[in-house]
Amino acid sequence: MIDSIIMETMKRTHTCGELTAALKDREITLNGWVHRHRAQGGITFINLRDRYGITQIVVESDSSKELLETADKLKFEYCIAVKGIVRERPEGMKNTGMKTGDIEVKALEIQILSTCEILPFMVEEESQAKEDLRLKYRYLDLRSFGMQKRIKLRHEVTFAAREYLINKGFYEIETPTLIRSTPEGARDFLVPSRVLSGRFYALPQSPQLYKQILMVSGFDKYFQIARCYRDEDARGDRQPEFTQIDLEMSFVSRDDVLAVTEGMMQNIFKKASGIDLSIPFKRLSYDDAMNTYGSDKPDLRFELPLQDFASFASKGDFQVFKTVLENKGAVKVLVVPGCSEYSRKQITDLEDVAKTYGAKGLAWMKITGDSGVEGGIARFFESSAKDIITALGAKQGDLLLFVADKPKTACTALGAVRSRLGTDLGLLKADDFQFCWIIDFPLFEYNEEESHWDPAHHLFSMPQEQFLETLEKDPGVVKGDLYDLVCNGVELASGSIRIHDPKLQERVFSVVGFSMEEAQKKFGFLLESFKYGPPPHGGIAPGLDRLITLLCNQGSIREVIAFPKNTVGASPMDDSPSPVDTQQLKDLSLQLIETEKKE
RNA sequence: GGGGGUGUGGCGAAGUUGGUUAUCGCACCGGCCUGUCAAGCCGGGGAUCGCGGGUUCAAGUCCCGUCACUCCCGCCA
């Protein structure tokens with residue numbers, strides 16, 4: 001048949017996921033891919049697949065010679081059109097594990113629309129090939145049920161987000177992806193300008209400045225499914241380009257933003273996954289999160305809290321702890337229930353986790369009775385053992401793990417041990433989504449190497465009212481109107497109420513050693529806009545990729561992105577980034593500098 | 001920038017203290033088979049074991065280097 005008319009005569013009347021016994025005896029046409037084929041002597045079965053499902057096609061021995069010959073030619077992933085009659089499968093031949101398992105299609109005509117070479121890997125539930133091969137042949141990998149399901153979920157999540165926000169009166173507004181480079185934060189991806197040679201655009205790390213300006217413009221509820229670009233090393237939960245559900249609102253306080261986000265999450269989970277989330281979400285201050293869970297993105301599917309050991313450490317005989325405390329450090333302890341039988345090897349493994357996060361070691365002791373401790377550093381605390389056990393709420397058979405260090409290091413390192421134990425002790429239930437807000441973040445962090453204050457989040461977040469007076473005197477204690485949404489140890493969203501007062505903005509700039517002149521140069525357009533009646537505003541940006549990864553219980557955001565980059569930011573399929581022609585460089589007034597050659 | 005892991009036909013894996021012709025499943029080719037659904041059975045082709053060097057009578061296996069991928073620390077306002 002001539003190709004150009006196949007799609008007129010053999011156009012599908014149904015999809016491969018919808019035929020049921022209700023349609024029996026009907027003549028139908030299906031288009032799809034040969035998923036499996038089983039030649040059984042005089043009878044051939046073909047599993048025809050499209051994105052809606054799989055339907056079994058039967059070619060029987062009474063078929064025309066032409067049909068039999070065509071059926072014989074079919075191989076994996078041939079794209080074909082099948083015309084046939086729907087019929088109920090004989091008793092005992094029904095496949096209950098299949099949506100269309102009650103029926104089959106007796107083929108009358110099969111047209112091969114295109115053929116397929118020997119596959120690099122099979123199309124199945126989940127591709128079994130190594131990831132770089134999956135990425136090279138991403139179009140094949142995307143045919144797998146797993147990828148199809150996840151891409152569909154992604155579609156449903158963005159739809160549910162749009163649905164909720166639009167119903168709440170938000171406008172979806174696009175912002176540019178060729179913008180000016182701004183300081184701080186991650187490295188920018190740069191795009192050279194041809195017309196204005198020597199100048200560069202940057203790809204946005206987020207639409208931050210534009211959405212604030214949209215607030216000045218009076219679009220008081222804005223959102224965008226926004227692509228963001230950050231030139232940093234990729235990870236399982238990070239890609240050089242990723243997507244945020246970016247939103248911003250005017251005339252709001254923190255709680256208004258949190259409430260909208262909670263409602264949106266509730267709608268997404270319900271519509272995309274049928275999960276009922278109870279709102280409002282728990283709230284935890286940054287300080288409490290760090291002190292109790294050793295993380296600003298704690299996994300609350302299990303408790304296992306960090307406790308403070310300073311009061312005992314200062315009185316005990318263990319000099320290491322005392323020295324740390326004298327230097328304004330912290331001693332934190334984790335009570336691990338029922339793990340006193342842990343081997344030296346197991347404890348060493350946990351110590352390695354702590355060391356990865358900067359701890360010098362992981363001290364330990366075992367609880368052997370109401371007042372008995374043993375092993376590790378137990379001998380330094382025998383006299384106060386009973387009090388320690390009572391104070392920590394420990395019991396016989398528990399294991400105590402300690403980290404002593406600078407407060408942040410002690411908490412972070414022991415928090416990492418806590419996370420590891422959550423996995424090791426099987427405390428992590430799938431399909432259990434424990435949301436919480438982390439609030440009251442510090443606005444500034446001290447940079448010890450360079451001896452100055454850095455913004456902990458970004459420069460435009462509002463300091464909380466009670467710190468306004470002493471902003472310059474003691475930047476370290478200033479809390480901002482910042483909030484992160486966390487679920488199961490994953491940072492899902494980050495946002496803040498913004499500064500809309502140019503004078504206050506100027507004070508924040510000066511704390512981080514940013515001269516007004518410099519600020520004018522880099523953010524002048526934002527500051528300028530704030531001269532013209534800016535409304536109080538704030539917003540948030542949930543990470544779409546992470547949200548979907550969480551929803552489908554995957555380990556990597558690459559599993560929910562159609563065409564992701566690998567860990568060095570390359571795409572094996574199209575082999576980007578790639579060298580370019582000399583002429584292209586010339587047009588852009590660019591010249592490559594010789595880098596060290598690797599032999 | 002640093003640390004860990006992996007690399008064996010098209011794909012996924014096995015390969016012992018170094019020892020004959022590198023094994024298995026899937027895929028591929030040929031044949032048989034009228035109710036399979038990861039179909040089955042019989043037969044066949046296909047690998048310089050990531051790459052380079054070294055040790056050795058002998059290297060997939062040991063050593064050094066290197067590349068690729070991956071996980072983690074740093075980095076990611």
Side-chain angles (χ1 to χ4, degrees), chain A residues 35-48 54-63 75-77 89-98 100-101 104 106 116-137 140-141 182-188 205-206 208-209 228-240 242 349 352-359 412-413 416 419-420 441 443-445 449 454-461 480 482 491 494-496 508 512 514 522-523 541 543 555-556 558 566-568 570 572 598-599:
Chain A
H35 187 63
R36 296 285 184 267
H37 56 108
R38 299 174 291 277
Q40 176 88 31
I43 186 167
T44 296
F45 298 96
I46 300 151
N47 284 0
L48 192 68
I54 286 182
T55 297
Q56 175 164 286
I57 312 295
V58 195
V59 180
E60 290 177 313
S61 51
D62 62 357
S63 303
K75 299 186 197 313
F76 288 109
E77 297 304 310
R89 293 196 196 181
E91 274 314 311
M93 303 304 156
K94 293 184 177 173
N95 186 338
T96 50
M98 217 171 151
T100 61
E104 61 193 8
K106 178 179 164 61
C116 177
E117 297 196 350
I118 297 172
L119 293 162
F121 50 85
M122 294 284 286
V123 174
E124 44 202 335
E125 186 68 33
E126 295 286 353
S127 303
Q128 297 300 306
K130 288 193 180 65
E131 197 172 2
D132 49 334
L133 201 71
R134 290 175 56 202
L135 293 185
K136 180 169 181 186
Y137 298 96
L140 291 178
D141 186 39
T182 51
E184 309 294 321
R187 267 183 292 269
D188 280 331
Q205 295 180 26
S206 79
Q208 185 62 35
L209 300 179
C228 307
Y229 306 86
R230 294 177 192 177
D231 189 5
E232 300 292 346
D233 291 352
R235 284 286 172 77
D237 62 350
R238 265 161 37 192
Q239 283 269 296
F242 62 99
D349 284 350
D352 289 342
V353 171
K355 281 180 172 171
T356 302
Y357 286 81
T412 308
S419 297
R420 171 63 171 271
F441 276 82
L443 206 57
F444 305 104
E445 259 172 10
E449 285 108 61
D454 279 338
H457 187 67
H458 66 52
L459 289 158
F460 314 108
S461 297
L482 290 142
E491 182 195 313
S494 195
S496 65
V508 169
V512 299
F514 216 65
K522 302 289 168 57
F523 308 110
S556 160
R558 295 187 297 267
N566 67 15
T567 47
V568 292
K598 286 168 185 172
E599 298 292 323

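Source: prediction; values computed, not measured. Atoms considered below: every heavy atom in the structure, side chains included; atoms not considered: hydrogens, waters and symmetry mates. In what follows, every chain begins at residue 1, and chains take the letters A, B, ... in the order their sequences are listed.
- Between A/R558 and B/C71, a side-chain N or O to OP1/OP2 separation shorter than 4.0 Å is present.
- Applying the Watson-Crick and G-U wobble criteria (two distances, each under 3.5 Å), B/G7 pairs with B/C67.
- Look at A/D62 and A/K106 and you find a salt bridge, because one of the NZ, NE, NH1 or NH2 atoms lies within 4.0 Å of a carboxylate O, short of that distance.
- Distance from the side chain of A/L133 is smallest to B/C11 among B/C28, B/C37, B/C11.
- We find that CD1 of A/I118 is positioned 16 Å from P of B/G45, with the value rounded to whole Å.
- Counting non-hydrogen atoms of neighbouring residues, nucleotides and ligands closer than 6.0 angstrom, the CD atom of A/E125 exceeds 12 such neighbours.
- The side chain of A/A129 has B/G12 as its nearest neighbour among B/U36, B/G12, B/C72.
- A distance of about 40 Å separates the P atoms of B/C72 and B/C37, rounded to the whole Å.
- A salt bridge between A/R558 and A/E131 is present, with a side-chain N of the basic residue lying under 4.0 Å from a carboxylate O of the acidic one.
- Using atom C1' as the reference point in both B/G46 and B/U6, the two lie 25 Å apart (nearest Å).
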Enumerate all atom pairs, one protein N or O and one N or O from nucleotides 29-31 of chain B, separated by less than 3.5 Å.
residue	atom	partner	partner atom	Å
B/C29	OP1	A/K75	NZ	3.0

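- Using the Watson-Crick or G-U wobble rule with both distances under 3.5 Å, B/G43 pairs with B/C29.
- Base pairing annotation: B/A38 forms no Watson-Crick or G-U wobble pair, as no partner gives both donor-acceptor distances under 3.5 Å.
- The A/T567 side chain lies nearest to B/U70 when the options are B/G35, B/U70, B/G10.
- Shown here for A/A39 and A/T44, the closest heavy-atom pair between the two residues is CA-OG1, 3.9 Å.
- Listed nucleotides B/G1, B/C71, B/G35 differ in distance to A/F45; the shortest reach to its side chain belongs to B/G35.
- Considering only side-chain atoms of A/R187, the nucleotide from B/U70, B/C73, B/C75 that sits closest is B/C75.
- A donor-acceptor contact under 3.5 Å links the side chain of A/Q56 to the base of B/U36.
- The aromatic ring of A/F121 does not stack onto the base of B/C11, failing the criterion of a centre distance under 5.5 Å from the six-membered base ring together with planes under 30° apart.
- The side chain of A/A186 has B/C76 as its nearest neighbour among B/C26, B/C76, B/C73.
- Side-chain to base pairing of A/N566 with B/C69: no donor and acceptor N or O lie closer than 3.5 Å to each other.
- A sub-4.0 Å separation between OP1 or OP2 of B/C73 and a side-chain N or O of A/R235 is present.
- Regarding contacts with the backbone of B/G12, a side-chain N or O of A/K130 is found under 4.0 angstrom from either OP1 or OP2.
- Considering only side-chain atoms of A/D132, the nucleotide from B/A68, B/C37, B/C72 that sits closest is B/A68.
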Polar atom pairs between nucleotides 39-43 of chain B and protein, under 3.5 Å, N or O only, would you list them?
residue	atom	partner	partner atom	Å
B/A39	OP2	A/R38	NH1	3.2
B/A39	N6	A/A39	O	3.0
B/A39	N1	A/Q40	OE1	3.3
B/A39	N1	A/Q40	NE2	3.3

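- Atom NE2 of residue A/H458 and atom CG of residue A/L482 lie 7.5 Å apart, to the nearest 0.5 angstrom.
- Looking at the side chain of A/V568, the nearest of the listed nucleotides B/C69, B/G35, B/C76 is B/C69.
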